[in-house]
Amino acid sequence: MKFQQKVNFDYGFGIPGEVAFDGPTRAKPGVLKSDDEKNNVFGHVFTLNADGKTIGAGGEGKFWGILGDPKTHTYTGRVGDDASSLYVANGVVGTFYDMALINVLTSKAAEIGDNLWYDTDTGEIITQDETVTTLAGHLQVPNAKVTRLPQDSATGGLIVAQLTN
């Protein structure tokens, strides 16, 4: 009989777009209508479209929120090794959080306290320290910071974002 020799420190945690911890939350619905529906990804930033009625990934309109509640939707695309094919179709009503402790993926290293920025074309989130005031092709997510799960990896990973909008 063999006994356990090691306890892993880094356990799997959360899904992008899920509320991570208890705390004040606020969400609102919106009908997805992105230029490219493949950008309708949980944990990405969405803004109000120019029509004032629909919500699109990225954009420069009014911040609407981060697409959440992934377990309540049906994905379009093939489930495989590359999760980039998983998205929600345009025309679907989504839940968008503008106040929450929510899981998001970042594409670069992140430290607790870093500000969140999003790609205006795709809504993908990256982090930057507070010294960054402008970033080409990106806008800062209002009142949002990395609050837990900093990432040392240069390619980022799952973090907990605190939205206090």
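Everything numeric here is computed off the predicted structure, so don't read it as measured data.
Contact detail for Ser34 and Ala57: the closest heavy-atom pair is OG-N, 2.8 Å. The shortest non-hydrogen separation linking Lys53 to Leu48 is N-CD1, 4.1 Å. Nearest approach of Gly43 to Val104, heavy atoms of both residues: O-CG1, 3.5 Å. Contact between Gly14 and Leu158 at its shortest, heavy atoms only, is O-CD2, 3.8 Å. Residues Thr127 and Ala109 come closest through the heavy atom pair OG1-O, 3.1 Å. Of all heavy-atom pairs between Leu116 and Ala161, the closest is CD2-CB, 3.5 Å.
The backbone N or O of Thr122 lies less than 3.5 Å from a partner atom in the side chain of Asp119, making a donor-acceptor pair. Looking only at distances, no side-chain donor or acceptor of Asn49 sits under 3.5 Å from a matching main-chain atom of Asp51. Of the possible donor and acceptor atoms, none in the side chain of Thr106 sits under 3.5 Å from a partner among the backbone N and O of Ile125. Put simply, the side chain of Tyr118 gets close to the backbone of Gly59: a donor and an acceptor are under 3.5 Å apart. Side-chain atoms of Thr47 come within 3.5 Å of backbone N or O of Gly58 as a donor-acceptor pair.
The neighbour count for Asp22 CG, taken as heavy atoms of other residues, nucleotides or ligands under 6.0 Å away, does not exceed 12. The local environment of NZ in Lys62 is sparse, with at most 12 non-hydrogen atoms from other residues, nucleotides or ligands closer than 6.0 Å. Counting heavy-atom neighbours within 6.0 Å of Asn143 CG, excluding the residue itself, gives a total above 12.
In this structure, His138 NE2 and Thr120 OG1 are separated by 7.5 Å, a value rounded to the nearest 0.5 Å. With values rounded to the nearest 0.5 angstrom, Asn115 atom CG is found 11.0 Å from Ile126 atom CD1. The distance from atom OH of Tyr97 to atom CG of Leu67, rounded to the nearest 0.5 Å, is 10.0 Å. Atom CD1 of Ile15 sits about 8.5 Å away from atom CG of Asn103, to the nearest 0.5 Å. The CG atom of Leu32 sits 9.5 Å away from atom CD of Glu37, with the distance rounded to the nearest 0.5 Å.
Only one option out of Asp98, Ile102, Thr25 pairs with Leu163 in a side-chain contact (heavy atoms from CB on, under 4.5 Å); it is Ile102.
If you chain together hydrophobic residues whose side chains sit under 4.5 Å apart, Val92 and Phe46 fall into the same group. Note: the hydrophobic cluster containing Val45 also contains Ile159 (ILVMFWY, side chain heavy atoms under 4.5 Å, direct or indirect links). In this structure, Leu101 is not a member of the same hydrophobic cluster as Val141, with clusters built from ILVMFWY side-chain heavy atoms closer than 4.5 Å. Ile55 and Phe42 end up in the same hydrophobic cluster when Ile, Leu, Val, Met, Phe, Trp and Tyr side chains are linked at under 4.5 Å. Side-chain heavy atoms closer than 4.5 Å link hydrophobic residues (I, L, V, M, F, W, Y) into clusters, and following such links, even through other members, never connects Phe96 to Met99.
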- Item | Worked check of side-chain contact (heavy atoms from CB on, under 4.5 Å) between Phe21 and Thr147 | CA-CA 11 Å; Phe21 296 100; Thr147 189; over 6 Å; no

- Query: For Gln128 and Lys108, what are the C-alpha separation, side-chain angles and deciding distance, and is it a side-chain contact (heavy atoms from CB on, under 4.5 Å)?
  - Reply: CA-CA 9 Å; Gln128 297 289 318; Lys108 67 181 283 297; 3.5 Å; yes

- Check step by step if side-chain contact (heavy atoms from CB on, under 4.5 Å) holds for Lys33 and Val31. CA-CA 6 Å; Lys33 185 178 178 190; Val31 177; 5.6 Å; no

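Using a 4.5 Å heavy-atom cutoff, the side chains of Trp64 and Thr54 are not in contact.
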